[in-house]
Colleague: 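One structure coming up, written as C-alpha cells, with questions to follow.
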Amino acid sequence: MEQGFWRRILVFVTALWVGVSVWVTHPPSAYAYENPDVLPDVVTPVVDLAKTFTDIQESKLVQELNDFENKTGWKLRVLTQYDRTPGRAVINFWGLDDKSILLVADARGGNILSFSVGDAVYNLLPRTFWIELQTRFGNLYYVREHGEDQAVLETINTLETCLLKGGCKVVPGLPDEQWILTLITSLIGGVVCGFAAQPRREGQAIAWQWALIFSPLWGILFIAFGIGPVVSRTSEWLPLVRNIVAFAIGALVAYLSPIFMRPSSNPES
C-alpha cells in the first residue's frame, strides 16, 4: 500500500517535469498534416476515431458542448485518435478560431492529452494552466486508474468550470499526490525555521535574528510551496490545517533537537 502511494507521487512529479519540458522545448501541436477522409460527413463537436466513448457518453458530450457554445460562445471540440488522424483538416471542419479549444486525446504518447488553443483563451487560461491540466488528467497513471474516457471528460468539465467563472490561473482541485508534496515542503520549512530559531547564547529563548535571516528559505517552502498551492486550488480547510500543523511540528522538533541530543549525565560519576 505504502509502496503504491509513493509510486503515485513519483509518477506525478515525473509527469509534471515531462509536461513542462515538452511545453518549453516543443509546444504540443494538435495536428500536423491534412487528411479529411476520416472526418464524418455531419459536423459534430466530438470526433471519436479511437472509440474512447460509449454511444451514450458521446451523445451526452455532444449535447453538452453544443449547449455550452450556445450559452457562452466558447467553442470546445474533442478529437480522439489512434492509428488515424485528420490532421489540419479539423481547422476547416470545425471552423476553429480565437475562441476555440481543441482537445486531442491520443494514447500513443506518454501523455494522452494535447490542446490547440485560440488566442482569446489565453486571456483567461494562461499557458501554465494548460501544462498543469495536461499533467493532471493526461498522465499514464491517471489514465490507467480512471480510463481514457474519464480523463477527457474531467478535462472538459474543468475547462467549462473555469470558462464560466471567468478564468483560472491554476487547475481547480487538489489531488492527493500534489497535497502530499505541499505537506512535505511545509514540514521541511518548519524544520529549517526550527533550526534557525535555536538559541545561540546563554539566556536566549529564541534566536529571532537567525529565524528572520533564514525566513526567505523557510518562507518559500512553507508559504509559496506549502500553503499557496492549497489555497489557490481548493476552499477546503483540512489540507491547509494539516500543512500548518506539519510546519509547527517540524519547527518544534528541530528547535528542541539539542535537548534530545544532549548526553544524559551519569549520577554515579
Side-chain angles (χ1 to χ4, degrees), residues 19-20 22-53 57-139 142-143 147-164 167-168 171:
V20 173
V22 170
W23 186 276
V24 171
T25 59
H26 183 68
S29 177
Y31 34 77
Y33 63 96
E34 190 163 352
N35 182 22
D37 297 338
V38 300
L39 293 172
D41 297 330
V42 179
V43 177
T44 172
V46 180
V47 175
D48 187 18
L49 299 178
K51 302 303 180 183
T52 300
F53 307 110
Q57 285 178 317
E58 183 176 355
S59 177
K60 183 178 179 180
L61 182 58
V62 167
Q63 184 64 46
E64 179 182 332
L65 296 183
N66 284 331
D67 292 343
F68 187 79
E69 183 179 0
N70 294 333
K71 179 180 178 180
T72 65
W74 294 106
K75 187 183 296 184
L76 300 181
R77 299 293 182 262
V78 175
L79 169 66
T80 71
Q81 58 187 24
Y82 188 71
D83 56 344
R84 299 182 301 162
T85 175
R88 295 180 59 85
V90 297
I91 298 178
N92 294 328
F93 178 76
W94 276 317
L96 300 179
D97 53 26
D98 288 345
K99 298 193 67 175
S100 301
I101 300 174
L102 170 59
L103 183 158
V104 180
D106 193 329
R108 291 175 294 183
N111 190 299
I112 73 165
L113 298 180
S114 62
F115 306 93
S116 178
V117 183
D119 292 339
V121 182
Y122 285 117
N123 296 328
L124 302 181
L125 307 173
R127 292 184 181 274
T128 52
F129 171 90
W130 298 100
I131 296 174
E132 184 178 354
L133 186 66
Q134 183 186 46
T135 302
R136 179 177 300 185
F137 297 117
N139 69 79
Y142 186 92
V143 173
E148 293 181 23
D149 57 340
Q150 291 304 311
V152 174
L153 294 175
E154 285 298 323
T155 302
I156 291 295
N157 181 65
T158 300
L159 289 173
E160 290 177 342
T161 299
C162 286
L163 290 173
L164 286 174
C168 294
V171 178

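As the structure is a computational prediction, the values presented were derived from the model and not from experiment.
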Colleague: Measuring only between side-chain heavy atoms, which start at C-beta, is Val38 closer than 4.5 Å to Thr85?
Modeller: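 In short, these two side chains do not touch, never coming nearer than 4.5 Å.
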Colleague: To the nearest 0.5 Å, what is the distance between CD on Glu148 and NZ on Lys51?
Modeller: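 The distance works out to 14.0 Å.
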Colleague: Under the side-chain contact (heavy atoms from CB on, under 4.5 Å) rule, collect the residues that match up with Val43, sequence neighbours excluded.
Modeller: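 Only Phe93, Trp94 meet the side-chain contact (heavy atoms from CB on, under 4.5 Å) criterion with Val43.
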Colleague: Return a table of donor-acceptor pairs under 3.5 angstrom between the side chains of residues 61-70 and protein atoms on other chains or two or more places apart.
Modeller:
from, atom 1, to, atom 2, distance (Å)
Gln63, NE2, Asp67, OD1, 2.9
Gln63, NE2, Asp67, OD2, 3.2
Asn66, ND2, Val62, O, 3.2
Glu69, OE1, Arg77, NH1, 3.4
Glu69, OE1, Arg77, NH2, 2.8
Asn70, ND2, Asn66, O, 3.1

Colleague: Report, one line per pair, each donor and acceptor closer than 3.5 Å where one atom sits in a side chain of residues 153-164; sequence neighbours left out.
Modeller:
from, atom 1, to, atom 2, distance (Å)
Thr155, OG1, Ala151, O, 2.6
Thr158, OG1, Glu154, O, 2.9
Thr161, OG1, Asn157, O, 2.8

Colleague: Working to the nearest 0.5 angstrom, can you tell me the gap between Gln150 CD and Thr52 OG1?
Modeller: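 Reported value, rounded in 0.5 Å steps: 11.5 Å.
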Colleague: Hey, does the side chain of Gln134 reach the backbone of Leu113 with a donor-acceptor pair shorter than 3.5 angstrom?
Modeller: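 Yes: the side chain of Gln134 pairs with the backbone of Leu113.
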Colleague: Scan Val104, Leu102, Leu133 and name whichever one has a side chain to side chain contact (heavy atoms under 4.5 Å, CB included) with Phe115.
Modeller: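 Answer to the side chain to side chain contact (heavy atoms under 4.5 Å, CB included) test with Phe115 among Val104, Leu102, Leu133: Leu133.
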Colleague: To the nearest 0.5 Å, what is the distance between OG on Ser116 and CZ on Arg88?
Modeller: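 Answer for the OG-CZ pair, Ser116 versus Arg88, is 9.5 Å.
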Colleague: With a 4.5 Å limit on heavy-atom distance, are the side chains of Pro86 and Leu79 in contact?
Modeller: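 Of all side-chain heavy-atom pairs linking Leu79 with Pro86, at least one is under 4.5 Å.
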Colleague: Does the pair Trp130 and Ile101 meet the rule for a side-chain contact (heavy atoms from CB on, under 4.5 Å), with working shown?
Modeller: CA-CA 11 Å; Trp130 298 100; Ile101 300 174; 3.8 Å; yes
Colleague: If you define the side chain from C-beta out and look only at heavy atoms, does anything of Cys168 sit under 4.5 Å from Leu125?
Modeller: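 The answer is yes, as the side chains (C-beta and beyond) meet within the 4.5 Å cut-off.
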Colleague: Do you know which two heavy atoms are closest between Lys99 and Gly73, and how far apart they sit?
Modeller: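 Looks like CE-O, 3.9 Å.
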Colleague: Taking side chain as C-beta onward, heavy atoms only, is Phe129 less than 4.5 Å from Leu124?
Modeller: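 Phe129 does not reach Leu124 side chain to side chain.
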Colleague: Show your reasoning for whether side-chain contact (heavy atoms from CB on, under 4.5 Å) applies to Arg136 and Tyr142.
Modeller: CA-CA 7 Å; Arg136 179 177 300 185; Tyr142 186 92; 5.5 Å; no
Colleague: Between atom CG of Leu39 and atom CG of Leu49, what is the distance when rounded to the nearest 0.5 Å?
Modeller: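 Answer for the CG-CG pair, Leu39 versus Leu49, is 7.0 Å.
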Colleague: Output the distance between atom OG1 (Thr44) and atom CD (Glu58), rounded to the nearest 0.5 Å.
Modeller: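 That separation rounds to 6.5 Å.
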